[in-house]
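Letters go in sequence order (proteins before strands), and every chain restarts at 1. We use all heavy atoms of the structure for the numbers below, so side chains are in, but hydrogens, waters and symmetry mates are not.
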Protein chains: 2
Amino acid sequence: MPARRNSAHLFAALGDQTRLRLVRRLCDDGPMSITRLTAGSRVTRQAITKHLRVMEGAGLVCSTRHGRESVWHLDARRVDEARTYLERISRQWDAALARLQKFVEE
Amino acid sequence: MPARRNSAHLFAALGDQTRLRLVRRLCDDGPMSITRLTAGSRVTRQAITKHLRVMEGAGLVCSTRHGRESVWHLDARRVDEARTYLERISRQWDAALARLQKFVEE
DNA sequence: TTAACATGCAACCTGGGGGTTGCATGAATA
DNA sequence: TATTCATGCAACCCCCAGGTTGCATGTTAA
């Protein structure tokens, strides 16, 4: 289980339709098992499992075992990290533009 | 130039180290040309160009031609879209957890 | 204790992403 | 005008992400 926890991996984990759908699903209905996550999806249970593992590697989700099923849930802190990252980007960009503006005017 | 403007493509465009480095570069020093973006990078100018196109497809950056060089700049609005998306996810998740909590307690 | 159910593991297939090289073309400058 | 410089285009390569199928294992319920 190689932990891929930098920003690029985090965004990459969000950069897939199937995975975003999983995130949505978890957000709407809370933690749930793999088979339940698979129900309603056009894709195999195995595919879902792989996607969950990818997101787990990025720290986006994790699972706890309950009897024969494993229940997956989101890690909102990690989502916030991504959000904060983008916020910094955005601010930095505004600053760069301001500097440029000032430079041009002189 | 197929426009790939949904959330998945947006995050995918951010989900690569080289591309994130480009974003950083643009944020730090403002708009700049391809060769300048390539300078200091370990990869070819062509690779950089491809990455820029990917990000352009996602609406993250765009270019304007100045004589023989094309100057690329970030589109902060798109960054904010991603940020907002994550914010909604985060809130939704908290709500789902609250509902679950209430359900368990009954 | 059997049968149904939820998951894990492994092998396999395919397309496209990330990268390179070589050459062509239009702009700038000496 | 001849030459350098910034970019575009196209072909090519390799690897891995996304997906499937088949079978094995552990858990629950009849």
Side-chain angles (χ1 to χ4, degrees), chain A residues 1-26 29 31-73, chain B residues 1-26 29-58 60-73:
Chain A
M1 40 181 145
R4 313 196 174 285
R5 301 273 164 117
N6 63 43
S7 305
H9 283 114
L10 179 49
F11 287 121
L14 291 168
D16 177 278
Q17 300 220 19
T18 309
R19 288 201 283 268
L20 267 193
R21 238 177 268 138
L22 287 177
V23 170
R24 256 219 179 329
R25 197 78 192 285
L26 289 176
D29 304 336
M32 69 182 90
S33 76
I34 297 181
T35 21
R36 203 166 145 217
L37 277 171
T38 304
S41 170
R42 255 178 242 77
V43 130
T44 313
R45 170 181 60 89
Q46 288 307 323
I48 299 291
T49 301
K50 280 195 182 179
H51 284 299
L52 286 171
R53 297 261 169 84
V54 170
M55 294 197 280
E56 182 184 36
L60 260 179
V61 299
C62 53
S63 68
T64 61
R65 193 90 197 203
H66 283 123
R68 66 181 165 187
E69 60 188 12
S70 80
V71 175
W72 290 77
H73 65 274
Chain B
M1 44 185 137
R4 312 193 176 288
R5 301 272 163 117
N6 63 41
S7 307
H9 282 116
L10 178 50
F11 287 120
L14 291 168
D16 178 277
Q17 300 220 19
T18 308
R19 288 200 285 268
L20 266 193
R21 238 177 268 138
L22 287 177
V23 169
R24 254 216 179 331
R25 197 78 191 285
L26 290 177
D29 304 337
M32 70 182 89
S33 76
I34 297 181
T35 23
R36 205 169 144 215
L37 276 171
T38 304
S41 169
R42 256 179 241 77
V43 296
T44 314
R45 170 181 58 90
Q46 289 307 324
I48 299 290
T49 300
K50 281 194 183 179
H51 283 300
L52 287 172
R53 297 261 168 84
V54 171
M55 294 197 281
E56 181 184 38
L60 259 179
V61 299
C62 51
S63 68
T64 62
R65 194 91 197 199
H66 284 121
R68 66 181 165 185
E69 58 187 13
S70 79
V71 175
W72 290 77
H73 64 273

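One interatomic measurement links the two molecules: CD of A:E69 to P of C:dC5, which rounds to 13 Å at whole-angstrom precision. Distance, A:L52 CG to C:dA6 C1': 14 Å, rounded to whole Å.
Atom OG of A:S33 sits about 11.5 Å away from atom CH2 of A:W72, to the nearest 0.5 Å. With rounding to the nearest 0.5 Å, the separation of CG in A:L20 from CD in A:Q17 is 8.0 Å. Here the straight-line distance linking atom CE of A:M32 with atom CG of A:L22 works out to 9.0 Å at 0.5 Å rounding. From A:R25, atom CZ reaches atom OG1 of A:T38 across 9.0 Å, with rounding to the nearest 0.5 Å. Taking CZ from B:R21 and NE2 from B:H51, the interatomic distance works out to 9.0 Å, rounded to the nearest 0.5 Å.
Against DNA chain D, the stretch residues 31-41 of chain B makes heavy-atom approaches under 4.0 Å through B:S33, B:I34, B:T35.
More than 12 heavy atoms of other residues, nucleotides or ligands shown are found within 6.0 angstrom of CZ on B:R5.
Rotation axes derived from the C1' atoms of the five outermost pairs at either end of the helix from C:dT1-D:dA30 to C:dA30-D:dT1 lie 30° apart, to the nearest 10°.
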Checklist outcome for this item: With sugar-phosphate taken as primed atoms, P, OP1 and OP2 and all else as base, the protein-contact string of nucleotides 16-30 of chain D at under 4.0 Å (heavy atoms; B, S, -) is --SBBBB----BS--
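Looking at every heavy atom in both residues, B:V71 comes nearest to B:P31 through CG1-CB, 3.7 Å. Nearest approach of B:I48 to B:S41, heavy atoms of both residues: CD1-OG, 3.8 Å. Between B:M55 and B:V23, the shortest heavy-atom contact is SD-CG2, 3.9 Å. A:L60 and A:L14 make their closest contact through CD1-CD2, 3.6 Å (heavy atoms, listed as atom of the first residue, atom of the second, distance).
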